[in-house]
Amino acid sequence: MYVCLCNAISDKTLREVVRRYQPRSIQQLRQFVPVGKQCGKCIRAAREIMDSEMQHA
Ligand code: FES
């Protein structure tokens, strides 16, 4: 499913990016994938995915 519709970023993509680069914040995450750069509606969902991935790391 898409987390970020504006940039067509899926939850799968986000999980892979989080696992690979282990960003500590949304700002860092955005250095690797352009999540939330348009409307910003996806930021909350992106943060939740990031948090859940980091707990499993
Ligand atoms: Fe991600 Fe709009 S849905 S920036």
Side-chain angles (χ1 to χ4, degrees):
M1 111 196 154
Y2 283 128
V3 174
C4 179
L5 285 175
C6 295
N7 296 308
I9 299 166
S10 67
D11 59 330
K12 185 166 173 275
T13 298
L14 275 187
R15 287 182 199 284
E16 284 171 3
V17 169
V18 169
R19 253 177 258 157
R20 183 171 308 169
Y21 300 107
Q22 308 202 343
R24 294 277 158 222
S25 64
I26 288 288
Q27 286 76 12
Q28 281 184 19
L29 177 65
R30 283 157 112 184
Q31 291 173 8
F32 306 112
V33 65
V35 67
K37 286 205 171 164
Q38 307 286 328
C39 73
K41 281 185 189 154
C42 54
I43 294 281
R44 178 191 290 232
R47 186 174 286 129
E48 282 172 9
I49 287 173
M50 197 172 87
D51 287 348
S52 85
E53 274 309 311
M54 294 312 275
Q55 279 166 17
H56 298 141

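Computed from heavy atoms alone, side chains included, the values below leave out hydrogens, waters and symmetry copies. Order of listing sets the numbers, starting from 1, for every ligand and every atom in it.
- Atoms of ligand 1 found under 4.0 Å from any heavy atom of Q38 (numbered from 1 in listed order, with element): 4 (S).
- Taking backbone and side chain together, C39 holds an N, O or S atom under 2.8 Å from atom 2 (Fe) of ligand 1.
- Those atoms of ligand 1 that come under 4.0 Å of a heavy atom in C4, given as number and element, are 1 (Fe), 3 (S), 4 (S).
- Proximity to G40 (heavy-atom distance under 4.0 Å) selects the following atoms of ligand 1: 2 (Fe), 4 (S).
- Among the atoms of C6, an N, O or S atom falls under 2.8 Å from atom 2 (Fe) of ligand 1.
- With ligand atoms numbered from 1 in the order given, ligand 1 contributes 1 (Fe), 3 (S), 4 (S) to contacts under 4.0 Å with heavy atoms of C42.
- Under the 4.5 Å side-chain criterion, counting only non-hydrogen atoms from C-beta, D11 is in contact with V3.
- A salt bridge does not link E48 to R44: none of the charged side-chain nitrogens sits closer than 4.0 Å to a carboxylate oxygen.
- Residues V18 and M54 meet the side-chain proximity criterion, which asks for heavy atoms closer than 4.5 Å.
- Residue pairs meeting the ring pair (Phe, Tyr, Trp, His ring centres under 6.0 Å) criterion with at least one partner in residues 6-42, sequence neighbours excluded, are Y21-F32.
- Put simply, the side chain of Q28 does not reach to within 4.5 Å of the side chain of Q22, judged on heavy atoms.
- The shortest heavy-atom distance from L5 to ligand 1 is under 4.0 Å.
- Under the 4.5 Å side-chain criterion, counting only non-hydrogen atoms from C-beta, T13 is not in contact with V35.
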